[in-house]
Amino acid sequence: MLDEHPLDDDVARLASRVEKARGRLAYQFDPALTGALSEEELRAERELAERIRTQDREQRWKQVEAAATASDRARHTTEAIEKAEVKDILLARKAIAAQRRASSPHARLASLYRHRSWSLGALAGVVAAGMLWSAVNVQHNIAPGGPTDPLYWFSYLLEAMISVSLIIIMIGTNKVTEWGVLDNRSQVAAAEISLLALTVGLNTYPYVSAGRWFDAAVHGVAPVMIGVALLIHDAASARYGRAIAIATEEVRNLPDPTGPDPLSESSGDVLVGSHADLPVAVGAVQNDDRLVPSSHR
């Protein structure tokens with residue numbers, strides 16, 4: 001009986017092991033044993049998920065920025081196109097207006113009058129500058145002593161008398177020529193030449209007497225330019241006067257752009273000449289005896 005107990009114990013233990021093995025066999029291939037994550041794996045998965053969400057947010061933000069940039073670029077392009085179209089429209093309007101001015105007799109007359117005013121004003125500036133230079137130069141030649149000498153101050157008047165006389169003769173000749181007065185042309189030409197030679201001599205005589213021809217030529221430029229400017233003034237004034245008279249005759253019977261009625265005979269007042277003090281009607285010179293001097297009626 002004593003020998004049977006160890007055998008029973010071995011059998012019992014073996015049966016217990018078989019039972020446990022059968023129990024493990026039922027669960028050892030369960031996916032839960034291998035699919036369950038450890039704590040370290042759980043922390044790693046958490047970090048990975050956070051990084052993925054961060055990258056996803058960054059990509060979405062970049063997409064928003066790209067869309068905003070594209071929208072801004074499209075808006076700027078549209079604005080640039082609209083500005084270019086507006087500029088083209090304005091340029092086209094300017095071109096149309098310029099073409100109308102070029103083809104309109106009224107605009108051509110106004111342009112002619114503007115050019116006349118600018119040209120004669122510029123020539124007047126040249127004459128004024130030459131008179132100032134000549135006055136100072138003549139004063140220096142005649143009375144170089146200084147302000148204590150009375151001649152120092154009165155010498156300015158000498159050149160002024162000559163220049164003013166020359167201007168009056170040249171402009172007055174142009175004015176009376178408009179009325180057909182051509183008397184004493186030789187006397188007028190002699191006076192002009194004498195006054196011009198006198199002012200040139202007063203400006204250059206110290207240098208001519210000393211044989212300094214270069215200095216004489218330099219100091220003679222201003223008085224000579226006065227004469228040249230006055231001659232150009234006389235010619236330009238006459239030419240502009242004739243051109244304005246012709247242009248006025250062309251637009252006299254045309255419709256007025258500012259009103260429905262055509263220009264009447266009494267409304268075509270145009271300045272003929274260079275320094276007209278009063279407007280002279282182009283048509284009135286022939287029709288109104290009151291505008292004609294008594295010696296020519």
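Predicted, not measured: the structure shown is a model, and the values here were computed from it. For reference, positions follow the sequence shown, starting with 1.
Heavy atoms of other residues, nucleotides or ligands lying less than 6.0 angstrom from CD of Glu50 number more than 12. A 6.0 Å sphere centred on CZ of Arg75 holds more than 12 heavy atoms belonging to other residues, nucleotides or ligands. Heavy atoms from other residues, nucleotides or ligands lying under 6.0 Å from CZ of Arg22 number 12 at most. Few gaps surround CZ on Arg57; more than 12 heavy atoms of other groups in view lie less than 6.0 Å from it.
Note that CD1 of Ile193 is 8.5 Å distant from CG of Leu196, once rounded to the nearest 0.5 Å. Atom NZ of residue Lys83 and atom OG1 of residue Thr78 lie 12.0 Å apart, to the nearest 0.5 angstrom. A distance of 9.0 Å separates CG in Leu112 from CZ in Arg116, rounded to the nearest 0.5 Å. Note that the CG atom of Leu157 and the CD atom of Gln139 stand 11.0 Å from one another [nearest 0.5 Å]. Taken to the nearest 0.5 Å, the CD1 atom of Ile226 stands 12.0 Å off from the CG atom of Leu231.
Val138 and Val164 fall within the same hydrophobic cluster, where Ile, Leu, Val, Met, Phe, Trp and Tyr residues are linked whenever their side-chain heavy atoms come under 4.5 Å apart, directly or through other members. In this structure, Leu91 is not a member of the same hydrophobic cluster as Ile96, with clusters built from ILVMFWY side-chain heavy atoms closer than 4.5 Å. No path of Ile, Leu, Val, Met, Phe, Trp and Tyr side chains, each step under 4.5 Å between heavy atoms, connects Ile81 with Val86, placing them in separate hydrophobic clusters. Under the 4.5 Å side-chain heavy-atom criterion for ILVMFWY residues, no single connected hydrophobic cluster contains both Leu198 and Val221. When hydrophobic clusters are built by joining Ile, Leu, Val, Met, Phe, Trp and Tyr residues whose side-chain heavy atoms come closer than 4.5 Å, directly or via intermediates, Met225 is not grouped with Met131.
Residues Leu195 and Ser165 share a closest heavy-atom pair of CD1-CB, 3.8 Å. Contact detail for Ala229 and Val126: the closest heavy-atom pair is CB-CG1, 3.8 Å.
Between the side chain of Ser16 and the backbone N or O of Ala12 there is no donor-acceptor pair closer than 3.5 Å. Panel note: side chain Glu41, backbone Ser38; a donor-acceptor pair is recorded below 3.5 Å. Side-chain atoms of Ser71 never come within 3.5 Å of backbone atoms of Ala67 as a donor-acceptor pair (strictly under, hydrogens ignored).
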Walk me through whether Arg43 and Glu40 qualify under side chain to side chain contact (heavy atoms under 4.5 Å, CB included).
CA-CA 5 Å; Arg43 286 194 297 271; Glu40 294 182 357; 3.2 Å; yes
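Electrostatic pairing of Arg51 and Glu47 does not count as a salt bridge here, judged by no charged N lying under 4.0 Å from a carboxylate O.
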Name the atoms and distances for all side-chain donor-acceptor pairs under 3.5 Å in residues 202-209, with sequence neighbours left out.
unit_1, atom_1, unit_2, atom_2, d
Asn203, OD1, Asn137, ND2, 2.9
Asn203, ND2, Thr199, O, 2.6
Thr204, OG1, Val200, O, 2.7
Tyr205, OH, Asn141, O, 3.1
Tyr207, OH, His219, NE2, 3.2
Ser209, OG, Tyr205, O, 3.0
Ser209, OG, Pro206, O, 2.9

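In this structure, the side chains of Gln55 and Ile52 stay at 4.5 Å or more apart for every pair of heavy atoms.
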